[in-house]
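A short worksheet on the structure shown next.
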There are 2 protein chains.
Amino acid sequence: MPESPIRKLVPYAEKAKRNGKKVYHLNIGQPDIQTPDIALKAIRNFDHKVIEYSHSAGNESYRKKLVEYYKKIGIHIDHTNILITTGGSEAITFAFIACLNPGDEVIIPEPLYANYIGFAVSAGIIIKPITAHIENGFALPHISEFEKLITPKTKGIGICNPNNPTGYLYSHDEIMKLREIVKRHDLYLFSDEVYREFCYDGNSHFSVMQLEGIDNNAIMIDSVSKRYSECGVRIGALITKNKDVLKTALKFAQARLSPPSLGQVVGEASLDTPLSYFEGVNKEYTERRNYMVDVLNKMEGVFCPRPKGAFYGIARLPIDDADKFAQWLLEEFSYDNQTVMVAPATGFYSTPGLGKNEVRIAYVLKIEDLKNAMECLEKALKVYPGRTI
Amino acid sequence: MPESPIRKLVPYAEKAKRNGKKVYHLNIGQPDIQTPDIALKAIRNFDHKVIEYSHSAGNESYRKKLVEYYKKIGIHIDHTNILITTGGSEAITFAFIACLNPGDEVIIPEPLYANYIGFAVSAGIIIKPITAHIENGFALPHISEFEKLITPKTKGIGICNPNNPTGYLYSHDEIMKLREIVKRHDLYLFSDEVYREFCYDGNSHFSVMQLEGIDNNAIMIDSVSKRYSECGVRIGALITKNKDVLKTALKFAQARLSPPSLGQVVGEASLDTPLSYFEGVNKEYTERRNYMVDVLNKMEGVFCPRPKGAFYGIARLPIDDADKFAQWLLEEFSYDNQTVMVAPATGFYSTPGLGKNEVRIAYVLKIEDLKNAMECLEKALKVYPGRTI
């Protein structure tokens, strides 16, 4: 398994901090948003005498309550369509091993969430990247491009919507096009929708679970990590109307016994989070995004499309090599004894050589810190020896 | 992946309960022992504002404290030898995928923990069973038997010590023999030691991590689930001095981001559990075991070796087919409107046809319930139509 470019940077970040340098982390997906009070209260009120295994598919009470949550957002399922997993990570792994055989291919638009590659390696699955482009904000590649990649080994198409790392939100029209192609070739449509609640500018999210006529194709990945800023509880879900897939996934779920019980307590309580919480979070992220994108696009030679969802954006920078640049920022650059850590986009492309002048920036810092971070980045770009224009 | 015999029984158990029958569960590994107060208190005192990801290898504070725990039991490692996992289950998976390639073989004494088979299937590993026998209490098969099974594809030997499902505790001498053979053929020695604290009659546990000269071969699997009766926290550990194995395992750990954060809070606090807790638990299990084994061996045609560890025993019964018998107990048998659920041993043998007249019994019920359960079992054996003697 290849080492990710972000992880290679960690020792440099640690060294910079040891040397007393302030490092702004624009590289990570750990939000600074507070977990809802109702969720924290639930864990502090935990009153069982034994912390027992739960059902391998997750507590029934939790799954039944999730049905109501999904109903409110237009997804109509019952609790037997839900398998609770140890984070979205396990849901992806289960989806791959329950639907696919080693050697099968899945087409995924790149840049893509780097860990998909790791899960694919574990399952013996081959990811066939289809390149999306920064010029149109990483919109879904044309269906004819997908058609070109389909072979007898192709068993699925995967998307992350809203997208990590691009922040792109697929439109209703784009999802309908995916429906058409998976129906035509009888492919699975894997959709990672863990950033569903993070859609901006009044745009709404359209789920693959709302598509008609492809009940056996659509596989949704979900997680409470980002929605309620509780990444550490490790609670996700694999959702599908395909009973065979669920039956197979359940066997793997039974082998690992149970998803975390305490996390399920938190996840279930979180479903009662008031709407005002999400309104506040949405407002905060919109402000951060607007600030970040505006500042970036004012920098000479920089282009950053305005993301419509999640809390990431990809910026094209006037640099020779994103990996070198990111390391240089940590190792050599300093402005007022501060620097920034960014994620080189090379790690999000499966096609070698792509992303060399792009970085992913997570706007998970509060505005004051984001301001300092952007100032650092601007100064850095001016003096970086590998600047290209 | 094959369906386990226990899971096939679940619908029958559910139906029996719906029909108002009391079912004593002798089939499961969920102890009724209370989680230590200190652990429950820690979770109720959780005062973070955000439930964040932990380090992918687990919190450093937890790993450092674990080093002290291991030191006290004669295992000398440092915190960089420890990778915290999502339960022992994930530790086994990581051990397999970090050490082995698809198609590689691991020799494991059978009867064996059924889920090893599931993890092996996921990783593309082949388990080669070496049969242990009820007559000598499931002692380690002779080294010459291991030698017969070793091929160029053999990359490891695996044990569970104390053993699930047999309750057998491997002696110092047996572990030394394993050392000899893994050293001779340069094999990994995987040792699942999650029942370490459950050794009876003054016997003590000898870990593969205490073996000298095989630092790169020994891989220990651990978990807090049974030790502190907190199965639901899903916290385990992969422990080895082999840096390459840990480095590879860490990549898979990074792909799944982090083990459960709340579980680690519980696990870390549990390390301060007073010795009196373990003394109480040991006393309780010893009483249950003695009661169960004595009663079983008094039943006509029944033989159950006295387990020296864990909380399971395998009993040989005068029956034609353990799967049929277990189903019959739930579906057709009733004594005072009560019955028992047992685990057919067929699921613990990898060699087809073995275990047909054996069942695994977990003594995780309090004495009063165990008495009723044993009474049921005795009555059932008398009237079971497939009785053989």
Side-chain angles (χ1 to χ4, degrees), chain A residues 1-4 7 28-35 39-40 43-54 86-90 93 97 102 114-119 121-124 225 228-235 248 251-252 254-266, chain B residues 1-4 7 28-35 39-40 43-54 86-90 93 97 102 114-119 121-124 225 228-235 248 251-252 254-266:
Chain A
M1 211 161 114
E3 184 148 36
S4 94
R7 285 164 206 147
I28 46 166
Q30 170 62 60
D32 62 344
I33 302 288
Q34 204 177 305
T35 307
L40 295 169
I43 201 63
R44 287 195 292 261
N45 288 338
F46 182 79
D47 64 353
H48 293 240
K49 294 288 180 196
V50 188
I51 308 177
E52 295 190 351
Y53 290 125
S54 76
T86 306
S89 307
E90 189 180 64
T93 301
I97 58 178
N115 288 325
Y116 292 160
I117 299 170
F119 302 130
V121 168
S122 307
S225 291
Y228 309 111
S229 195
E230 53 197 29
C231 299
V233 300
R234 312 311 297 129
I235 295 295
T248 306
K251 285 187 192 175
F252 290 98
Q254 285 167 332
R256 63 73 164 123
L257 305 169
S258 123
S261 298
L262 297 174
Q264 288 180 77
V265 169
V266 175
Chain B
M1 207 159 117
E3 182 147 37
S4 93
R7 285 163 206 148
I28 48 167
Q30 169 64 61
D32 62 344
I33 301 290
Q34 205 177 305
T35 308
L40 295 168
I43 200 64
R44 287 194 293 261
N45 288 339
F46 183 79
D47 64 354
H48 293 240
K49 294 289 181 195
V50 188
I51 308 176
E52 294 189 354
Y53 290 126
S54 77
T86 306
S89 307
E90 191 180 64
T93 301
I97 59 179
N115 288 326
Y116 293 158
I117 300 170
F119 302 130
V121 168
S122 307
S225 291
Y228 308 112
S229 194
E230 54 198 28
C231 300
V233 300
R234 312 309 299 128
I235 295 295
T248 306
K251 285 188 190 174
F252 289 99
Q254 284 167 334
R256 62 75 164 124
L257 306 168
S258 122
S261 299
L262 297 175
Q264 287 180 78
V265 169
V266 175

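All values below were derived from every heavy atom in this structure, side-chain atoms included, with hydrogens, water molecules and symmetry-related copies excluded. Lettering follows sequence order; numbering is per chain, from 1.
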> Which atom pair, heavy atoms only, marks the closest approach of B/Phe119 to A/Ala255?
Replying inline: CZ-O, 3.1 Å

> With a 4.5 Å heavy-atom cut-off, do A/Arg234 and B/Ser258 have their side chains touching?
Replying inline: yes

>> Please identify, among A/Lys49, A/Gln264, A/Glu90, A/His48, the residue contributing the most non-hydrogen atom pairs under 4.5 Å to chain B.
In response: A/Lys49

>> Taking side chain as everything from C-beta outward and backbone as N, CA, C, O, which of these in B/Pro102 sits under 4.5 Å from a heavy atom of chain A? Side chain, backbone, both or neither.
In response: neither

> At their closest point, which heavy atom of A/Val50 faces which heavy atom of B/Thr35, and how far apart are they?
Replying inline: CA-OG1, 3.2 Å

> Considering residues at least two apart in sequence or located in another chain, which fulfil the side-chain contact (heavy atoms from CB on, under 4.5 Å) criterion with A/Ala114?
Replying inline: A/Phe348

> Do A/Ile43 and B/Ile43 have side-chain heavy atoms sitting under 4.5 Å apart?
Replying inline: yes

> For chain A, which of B/Ala39, B/Pro260, B/Gly232 has the most heavy-atom pairs under 4.5 Å?
Replying inline: B/Gly232

> With sequence neighbours left out, what residues match B/Val265 under side-chain contact (heavy atoms from CB on, under 4.5 Å)?
Replying inline: B/Ala42, B/Phe46

> Quick one: of A/Ser229, A/Ser54, A/Ser89, A/Gly87, who has the most non-hydrogen atom pairs under 4.5 Å with chain B?
Replying inline: A/Ser89

> How far apart are the C-alpha atoms of B/Val233 and A/Leu262, what are their side-chain angles, what is the distance that settles it, and do they pass the side-chain contact (heavy atoms from CB on, under 4.5 Å) test?
Replying inline: CA-CA 6 Å; B/Val233 300; A/Leu262 297 174; 4.0 Å; yes

> Measuring from A/Asp32:CG to B/Glu52:CD, what's the distance to the nearest 0.5 Å?
Replying inline: 9.0 Å

> So which part of A/Pro259 gets closer than 4.5 Å to some heavy atom of chain B, the side chain, the backbone, both or neither?
Replying inline: backbone

> For A/Ile33, is it the side chain, the backbone, both, or neither that has a heavy atom closer than 4.5 Å to a heavy atom of chain B?
Replying inline: backbone

> Given a strict heavy-atom distance threshold of 4.5 Å, which part of A/Ser261 is in contact with chain B: side chain, backbone, both, or neither?
Replying inline: both

